[in-house]
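Below is one structure; the comments refer to it alone.
We number each residue from 1, following the sequence as shown.
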Amino acid sequence: MEKLNAVITAVGGYVPDYVLTNEELSKMVETSDEWITTRVGIKERRILKGEGKGTSDMAMMAVNQVLEKSGTSPEEVDMLICATVTPDHVFPATANIVSDKCDIRNAHSFDINAGCSGFLYALDTAAKFVQTGSRKKVIVVGADKMSSITDYTDRTTCVLFGDGAGAVLLEPTTEEVGVLDSKLQSDGFGRVYLHQKAGGSVKPPSHETIDNREHFIYQDGPHVFKHAVSKMADVAVEVMERNSITSETLNWLVPHQANMRIIEGTARRMGIDKEQVMINIHRYGNTTAGTLPICLWEWENQLKKGDNIILAAFGAGFTWGALYLKWGYNGNQE
């Protein structure tokens, strides 16, 4: 039996219409466009508005795009994984809700929570199912409504996050393309530096937790930045080296979009030019599990079959990792 690889055959994405600019934020908290742009590289971010709208609504849009672009019927999908830290509900899994909204009835669906590394973890997990031959059409979606857990009175975090979703379809192939290698890691010591204080089983919701604003993102910025710069770069370089990829043979780096300085530091360590890096942080901010697939969605038309791509991320947990992907089809070159 020939070796099976898991290749991406379609990409979809969605970002909400509402644009939250730095200027608007400067009217909500003490900050400025110059301060935000200089420190993190963000100019604007998208926010999901509307009563009862959640992460699944954005994920549904991305998944439906993937189905349409690939000519796949919902009945053909046999697995769906949703990476998110902002599920519609504590339970059931948001993946179950997305499957229902997309009329996917023959798949088993579940969520993965690995912070900003969620899509990377989910993509690697999905690839294993395809590579073993147990699944033939797997959808991986990364989606987060970060505005739902962002404190817009905290200027250290409210400037960073936005809402959005991206999705890919993985299918088996005997060609040497697709997900070829990965290195994923985590270390729970970092949980104290980036987390949501209340709302879980340790500290259930109460009047006190609400009054203390403990249902929002808490981040110790300097600690997170220090570890993100080193960990994301280290693992990306390791994956490059063990696959004999050089700065000349790497076509694209797809980095998590958390901070422009982290992205630049990772690219420097890998020895690559800015032109080889997918960057859209200035328009969308940090969409957590959505950043990597949204990049692939936006750059799809520029990708060529055989392109060497490294995806790298760092997130709450701490979690981090890099994945080597050889692209499987030519985008519609314009």
Side-chain angles (χ1 to χ4, degrees), residues 5-15 46 58-59 61-70 72 80-84 112 114 116-127 130 137-144 162-171 173 177-182 232 236 239 250-258 263 266-267 272 275-313 315 321-334:
N5 287 320
V7 64
I8 292 174
T9 56
V11 186
Y14 175 80
V15 290
R46 302 298 183 95
M58 297 185 293
M61 299 293 284
V63 170
N64 280 337
Q65 263 190 50
V66 163
L67 294 175
E68 183 179 352
K69 288 163 76 171
S70 64
T72 301
L80 186 146
I81 307 175
C82 180
T84 187
I112 283 183
C116 295
S117 306
F119 180 79
L120 212 54
Y121 276 46
L123 184 62
D124 189 64
T125 300
V130 175
K137 290 182 182 288
V138 180
I139 290 178
V140 181
V141 55
D144 272 299
D163 304 337
V168 300
L169 175 65
L170 277 181
E171 297 186 77
T173 180
V177 293
V179 178
L180 300 181
D181 193 19
S182 64
M232 202 163 108
V239 169
L250 180 69
N251 297 100
W252 297 100
L253 167 66
V254 188
H256 173 52
Q257 311 285 310
I263 295 171
T266 302
I272 60 175
E275 290 70 31
Q276 294 167 271
V277 186
M278 297 184 188
I279 301 172
N280 57 16
I281 187 174
H282 53 295
R283 289 186 291 122
Y284 302 134
N286 182 352
T287 56
T288 305
T291 63
L292 299 181
I294 289 173
C295 280
L296 292 175
W297 171 54
E298 288 210 306
W299 267 263
E300 182 188 17
N301 287 342
Q302 299 181 47
L303 302 181
K304 300 180 181 68
K305 185 173 182 177
D307 276 356
N308 289 316
I309 302 172
I310 297 285
L311 292 84
L323 184 145
Y324 169 38
L325 182 73
K326 192 177 279 287
W327 198 248
Y329 61 95
N330 290 319
N332 298 318
Q333 309 296 320
E334 294 180 357

Exercise for the section: Starting from the C-alpha separation in whole Å, work towards a yes-or-no answer on side-chain contact (heavy atoms from CB on, under 4.5 Å) for Val177 and Asn5. Expected result: CA-CA 7 Å; Val177 293; Asn5 287 320; 5.9 Å; no
Does the [X] side chain pair with the main chain of [Y], one donor and one acceptor, at a distance under 3.5 Å?
X      : Y      : result
Lys137 : Leu169 : no
Asp144 : Ala289 : yes
Glu300 : Gly12  : no
Asn330 : Lys305 : yes
Asn251 : Ile309 : no
Thr291 : Thr287 : no
Thr84  : Ala143 : yes

Shortest non-hydrogen contact from [X] toward [Y]:
X      : Y      : answer
Ile294 : Ala165 : CG1-O, 3.5 Å
Ile263 : Pro255 : CG2-CG, 3.8 Å
Ala236 : Ile310 : CB-CG2, 4.3 Å
Ile281 : Ala258 : CD1-C, 3.5 Å
Gly118 : Ile112 : O-CG2, 4.2 Å
Leu296 : Trp327 : CD2-CZ3, 4.2 Å

Practice task
Decide side-chain contact (heavy atoms from CB on, under 4.5 Å) for Ile279 and Gln257; before the verdict, give the C-alpha distance in whole Å, the side-chain angles of both, and the deciding distance to 0.1 Å.
Solution key: CA-CA 7 Å; Ile279 301 172; Gln257 311 285 310; 4.0 Å; yes
Exercise for the section: Give, for atom CG of Leu325 and atom CG of Leu180, the distance between the pair rounded to the nearest 0.5 Å. Expected result: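 Between atom CG of Leu325 and atom CG of Leu180 there are 7.5 Å.
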Practice task
To the nearest 0.5 Å, tell me how far Leu253 CG sits from Thr266 OG1.
Solution key: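 One finds 7.0 Å between CG of Leu253 and OG1 of Thr266.
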Problem - Matching residue for Phe119 among Leu323, Val168, Thr288, Val141 - test: side-chain contact (heavy atoms from CB on, under 4.5 Å) - result: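 Answer to the side-chain contact (heavy atoms from CB on, under 4.5 Å) test with Phe119 among Leu323, Val168, Thr288, Val141: Val168.
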With a 4.5 Å cut-off on side-chain heavy atoms, are [Y] and [X] touching?
X      : Y      : result
Thr9   : Thr173 : no
Val15  : Asp163 : no
Asn308 : Lys326 : yes

Practice task
Begin with the C-alpha distance, continue with both residues' side-chain angles, and end with the deciding distance and a verdict on side-chain contact (heavy atoms from CB on, under 4.5 Å) for Thr125 and Val140.
Solution key: CA-CA 9 Å; Thr125 300; Val140 181; over 6 Å; no
Exercise for the section: Apply side chain to side chain donor-acceptor pair (under 3.5 Å) to the pair Gln65 and Trp297, showing each step before the final yes or no. Expected result: CA-CA 10 Å; Gln65 263 190 50; Trp297 171 54; 3.2 Å; yes
Practice task
Dump the intermediate steps for side-chain contact (heavy atoms from CB on, under 4.5 Å) on Glu298 and Arg283, then the final yes or no.
Solution key: CA-CA 12 Å; Glu298 288 210 306; Arg283 289 186 291 122; 2.7 Å; yes
